[in-house]
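Single-structure report; data block below.
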Amino acid sequence: MKLQLYVPDGRYAPWIEGFAEVLPEAECLKWEESGDASVDYAVVWRPPVEMLRGRTDLRAIFNLGAGVDGILRLRDEDKDALPNGVPIVRLDDAGMAAQMAEYVTAAVLRDFRKLDAYAAQAAAGTWKFIKPHRRADFTIGVMGIGTLGSHIARTLAQFGFPVRGWSRSPKQVQGVQTFHGEDGRGEFLDGLRVLVNVLPLTPDTEDIIDASLLSRLADGAHLVNVARGQHVVEADLLAAVQSGKIGGATLDVFREEPLPAGHPFWQEPRITITPHISALTLREDSIAQIAQKIRALGEGKPIAGVVDIDRGY
Ligand code: NAP
Ligand code: GLV
């Protein structure tokens, strides 16, 4: 069996060694060196369009992340970029849900417990009580309650916050009030004190966080975006922060990454910026999951995480 790998940073050695350990029967090839060689599986993150176009040899394409927009976007460059009928398989948690829940919980608690205001007071040598938020008024909404979002929502519910979740189809998540579809969107959003975005990037969700959406949140609400930068109309968010409608934002993802040096977000103290680290692809967990799926496919068994290409996630 042959695997062909593509990782944009060119650091192949640990991936090749990892696969050799858990899937010793497989030969691992770097795409740059093996080019058009016939292989069984591609394992990729944001591959170039030349890698997948016209491939009739592949039995599946494994994506080294949860979001597959980096593969599906290839169709914008070339409508025949993706080989017909070859399943695209995304990472299904693989250690990301726990990381996301930590990141979002940290952002929520920092806001709820007014830690930035206390840090500013401490910097000025001030010892002073600040009226706390009421937990019952601190409603948190999670947009996207799939693998990652449902774990985030359950984690936040354990702190006793009122938590809402929104998905495309009806869903039940313990301790979470759920809404779905376009019809449920307004009720989900109304009065939220914190909005967490963990949607996949699709034609339906691009630019979803705009002035109209932000206007439905509570005054002074906080936005946490851990999904994709293209979900946010940046000028609308900046205006909402500057007007005070949005009290602050914690942003892990941006339309352009790295965030350009002159971008106005860098100058806005109420916006916290991290460099797309809220849930890293963990090599060991990812290799173990892909190897297990390759074995299952070999035995003709179904696997989780097969992308619905028309739906976009
Ligand atoms: P997932 O399991 O596929 O869940 C996606 C959720 O979004 C589902 O609940 C789905 O609804 C909902 N959804 C999709 N389109 C919708 C629409 N038009 N309206 C309402 N709800 C919609 O995906 P996941 O594994 O949780 O990952 C989510 C995203 O997180 C990824 O696509 C990626 O962009 C992002 N991510 C970011 C990082 C980072 O480091 N920043 C790391 C990993 C992932 P249904 O349940 O009805 O299908
Ligand atoms: C990271 O952004 C991922 O989609 O896994």
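This is a predicted model, so every value here is computed, not measured. We count ligands from 1, going down the list as the structure has it; atoms in each ligand are counted the same way.
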Of the choices [options], which has the non-hydrogen atom that lies closest to [atom]?
atom: atom 37 (C) of ligand 1; options: V253, D204, V226; answer: V226
atom: atom 16 (C) of ligand 1; options: H276, R168, M96; answer: R168
atom: atom 7 (O) of ligand 1; options: S169, P200, G146; answer: P200
atom: atom 18 (N) of ligand 1; options: T274, T205, I145; answer: T205
atom: atom 27 (O) of ligand 1; options: L91, D69, L148; answer: L148
atom: atom 46 (O) of ligand 1; options: M143, H151, K171; answer: K171

Show which side-chain atoms of residues 299-309 pair as donor or acceptor with protein atoms under 3.5 Å away, not counting sequence neighbours.
{"from": "E299", "atom 1": "OE1", "to": "K301", "atom 2": "NZ", "distance (Å)": "2.8"}
{"from": "D308", "atom 1": "OD1", "to": "D310", "atom 2": "N", "distance (Å)": "3.2"}
{"from": "D308", "atom 1": "OD1", "to": "R311", "atom 2": "N", "distance (Å)": "3.1"}

(request) Would you tell me whether R110 and T272 have side-chain atoms, one donor and one acceptor, within less than 3.5 Å of each other? (result) yes

(request) For side-chain contact (heavy atoms from CB on, under 4.5 Å), just list the numbers for N197 and W166, CA-CA rounded to whole Å, side-chain angles, deciding distance to a tenth of an Å, and then say yes or no. (result) CA-CA 10 Å; N197 176 38; W166 184 60; over 6 Å; no

(request) Report the distance from atom CD of Q172 to atom CD1 of I145, rounding to the nearest 0.5 Å. (result) 10.0 Å

(request) Sequence neighbours left out, what pairs pass salt bridge (Lys or Arg N to Asp or Glu O under 4.0 Å) with at least one residue falling in residues 62-71? (result) R46-D69, D69-R228

(request) Identify the protein heavy atom lying closest to atom 5 (O) of ligand 2, giving its residue, its atom name and the separation to 0.1 Å. (result) A66 N, 2.7 Å

